[in-house]
Number of protein chains: 2
Amino acid sequence: MTSTEKTSTEKTSTERTPLRPTRQRTAVVEAMASFDDFRSAQDIHDLLGRGATPVGLATVYRTLNALVEAGEVDMLRTEDGEAIYRRCSETHHHHLVCRSCGATIEVEGPAVERWTRSIAAEHGYADVSHTLEIFGTCRRCS
Amino acid sequence: MTSTEKTSTEKTSTERTPLRPTRQRTAVVEAMASFDDFRSAQDIHDLLGRGATPVGLATVYRTLNALVEAGEVDMLRTEDGEAIYRRCSETHHHHLVCRSCGATIEVEGPAVERWTRSIAAEHGYADVSHTLEIFGTCRRCS
DNA sequence: CGATCAATTGAGAATCGTTGTCAAAGTGGT
DNA sequence: ACCACTTTGACAACGATTCTCAATTGATCG
């Protein structure tokens with residue numbers, strides 16, 4: 001038996017939610033590890049539903065959002081506004097996503113990064129961030 | 001042009017829909033000419049509602065989509081997936097948007113266009129489109 | 001061990017943006 | 001004016017996401 005003892009009261013005063021490692025949270029994380037493309041929350045929910053650990057849709061959404069917040073999952077929007085998720089690597093990157101099957105390739109574009117930064121600076125915009133996604137139809141789907 | 005450039009032939013062969021200049025379509029176009037920032041379809045609908053020419057919400061959506069299709073209006077999505085619209089200039093471009101006040105500057109990046117196209121081609125993706133928006137805090141807001 | 005208490009869950013209701021439906025009204029061409 | 005075809009709008013339908021809230025779970029402490 002693993003008696004996990006926390007070093008006294010580590011509760012950092014204010015708004016940080018403890019975030020307990022529950023059965024369903026683990027399930028979601030594992031599910032995210034099981035595929036490489038971007039999937040919608042509903043897809044992920046279905047995936048879990050068929051498995052041994054069904055997780056409520058609301059919980060899937062909650063967990064997914066938490067993971068995005070924590071930077072462990074990438075979230076982007078399809079052309080019609082639906083959110084799709086995927087576990088992400090640490091480095092900053094962009095995606096080349098197949099519109100029909102979702103196959104994703106991570107791409108980097110140092111030049112683009114530089115460009116956006118300079119454009120922003122040129123106009124006096126601070127705190128710059130940007131979104132860049134490329135959509136297309138992959139070879140197998142066309 | 002939109003910040004989402006389609007390199008495909010969307011509407012095939014079939015003749016272009018006539019697109020008649022009706023009272024409500026004119027009203028929407030005029031409304032679009034009356035502001036410089038991105039607004040949601042509902043905002044635009046409200047705007048018209050207060051004016052002398054109310055237009056049904058469905059029609060606003062239809063018209064807006066037609067305008068986007070025709071390349072006369074830019075459409076992009078907010079962080080939470082809502083579509084926002086703005087009249088746009090002729091050329092393909094992207095936007096530098098102030099996160100807090102919405103002030104928008106159109107920017108062009110031929111290099112980026114070329115880059116995305118080549119990346120896609122390199123991986124065998126056809127029908128390429130892309131989205132690129134830059135967010136920051138403008139001078140006045142920071 | 002058992003009580004306690006807050007975090008968490010899930011089923012379904014509620015939102016919200018957007019699109020579909022369809023009868024009624026408008027438009028252009030003849 | 002007549003006809004064929006758009007277009008419109010009120011409202012229903014939809015799909016994605018969030019909210020509600022009672023029931024459950026997990027961690028902690030005595």
Side-chain angles (χ1 to χ4, degrees), chain A residues 1-31 38-70 73 75-85 102, chain B residues 11 14-29 31 38-70 73 75-85:
Chain A
M1 111 157 130
T2 332
S3 56
T4 322
E5 42 183 352
K6 284 257 162 94
T7 327
S8 67
T9 25
E10 203 171 324
K11 191 170 294 181
T12 329
S13 59
T14 42
E15 11 75 34
R16 170 82 51 232
T17 310
L19 235 274
R20 277 197 282 222
T22 65
R23 186 176 56 78
Q24 26 280 85
R25 280 213 254 259
T26 309
V28 171
V29 171
E30 276 172 7
F38 279 91
R39 307 260 179 112
S40 72
Q42 316 239 20
D43 286 344
I44 295 165
H45 171 249
D46 290 349
L47 202 68
L48 289 164
R50 284 203 303 283
T53 315
V55 178
L57 182 56
T59 302
V60 171
Y61 273 107
R62 280 186 291 239
T63 306
L64 244 20
N65 287 342
L67 290 172
V68 168
E69 204 70 25
V73 163
M75 184 254 261
L76 61 85
R77 299 209 171 255
T78 61
E79 286 166 348
D80 47 298
E82 188 184 9
I84 48 181
Y85 308 80
Chain B
K11 205 81 175 191
T14 16
E15 351 67 38
R16 188 136 318 291
T17 312
L19 236 273
R20 272 186 263 188
T22 65
R23 186 174 55 77
Q24 24 282 86
R25 281 212 255 259
T26 309
V28 171
V29 172
F38 280 92
R39 305 258 180 115
S40 72
Q42 316 240 19
D43 286 344
I44 296 165
H45 172 249
D46 290 349
L47 203 67
L48 290 164
R50 284 203 303 282
T53 315
V55 178
L57 181 57
T59 302
V60 171
Y61 272 108
R62 279 187 292 240
T63 306
L64 244 19
N65 286 342
L67 291 172
V68 168
E69 204 69 26
V73 162
M75 183 253 262
L76 61 84
R77 297 200 176 264
T78 61
E79 186 74 7
D80 47 299
E82 187 184 10
I84 48 181
Y85 308 81

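Every heavy atom of this structure was used, including side-chain atoms; hydrogens, water molecules and symmetry mates were not. Below, chain A is the first sequence line, B the second, and so on; all start at residue 1.
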**Request:** Not counting sequence neighbours, which residues clear salt bridge (charged side-chain N to carboxylate O under 4.0 Å, His left out) with A/Arg39? List them please.
**Result:**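 Here the qualifying residues are A/Asp37.
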[X] has an atom [atom1]; how far is it from atom [atom2] of [N], in whole Å?
X: A/Glu79; N: D/dG15; atom1: CD; atom2: P; value: 20 Å
X: A/Phe38; N: D/dA16; atom1: CZ; atom2: C1'; value: 18 Å
X: A/Arg39; N: D/dA16; atom1: CZ; atom2: P; value: 16 Å
X: A/Arg25; N: C/dT8; atom1: CZ; atom2: C1'; value: 7 Å
X: A/Gln24; N: D/dA23; atom1: CD; atom2: C1'; value: 13 Å

**Message:** List the residues meeting side-chain contact (heavy atoms from CB on, under 4.5 Å) with A/Leu76, not counting sequence neighbours, and say none if there are none.
**Reply:**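 Testing A/Leu76 for side-chain contact (heavy atoms from CB on, under 4.5 Å), a comparison that skips the adjacent residues, returns A/Phe38, A/Ile84, A/His95, A/Glu133, A/Phe135.
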**Which residues share a side-chain contact (heavy atoms from CB on, under 4.5 Å) with A/Gln42, sequence neighbours left out** =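 Once residues adjacent in sequence are excluded, the partners of A/Gln42 under the side-chain contact (heavy atoms from CB on, under 4.5 Å) criterion are A/Ser40, A/Leu57, A/Tyr61.
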**Request:** Could you tell me which residues satisfy ring pair (Phe, Tyr, Trp, His ring centres under 6.0 Å) with A/Tyr85, sequence neighbours excluded, listed by chain and number?
**Result:**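 Listed in chain order: nothing, the list is empty.
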Minimal non-hydrogen separation, [X] against [Y], with atom names:
X: A/Gly56; Y: A/His45; answer: C-CD2, 3.9 Å
X: A/Glu79; Y: B/Arg77; answer: O-NE, 3.2 Å
X: A/Ala31; Y: A/Leu48; answer: CB-CD2, 3.9 Å

**Request:** Please say which of B/Leu67, B/Thr53, B/Leu47, B/Thr59 ends up in a side-chain contact (heavy atoms from CB on, under 4.5 Å) with B/Val28.
**Result:**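 Among B/Leu67, B/Thr53, B/Leu47, B/Thr59, the one meeting side-chain contact (heavy atoms from CB on, under 4.5 Å) with B/Val28 is B/Leu67.
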I'd like a table of atom pairs between the protein and nucleotides 23-27 of chain C - only N or O on both sides, under 3.5 Å - with the distance next to each one.
from: C/dT27; atom 1: O4'; to: B/Arg20; atom 2: NH1; distance (Å): 3.0
from: C/dT27; atom 1: O2; to: B/Arg20; atom 2: NH1; distance (Å): 3.2

**Sequence-aligned protein contact record of nucleotides 17-22 of chain C, with B where the base is within under 4.0 Å of a protein heavy atom and S where only the sugar-phosphate is** = BBBBB-
**Strand contacts (DNA chain D) in residues 43-51 of chain A, 4.0 angstrom heavy-atom criterion** =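 By residue number: none to list.
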**Message:** Test of understanding: with side-chain hydrogen bond (donor to acceptor under 3.5 Å, both in side chains), list the residues that count as partners of A/Thr78, not counting sequence neighbours.
**Reply:**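 So A/Thr78 forms a side-chain hydrogen bond (donor to acceptor under 3.5 Å, both in side chains) with A/Asp80.
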**Message:** Strictly by salt bridge (Lys or Arg N to Asp or Glu O under 4.0 Å), give each pair with a member in residues 46-66 of chain A just once, sequence neighbours left out.
**Reply:**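 Counting only pairs at least two positions apart or across chains, no salt bridge (Lys or Arg N to Asp or Glu O under 4.0 Å) contact touches residues 46-66 of chain A.
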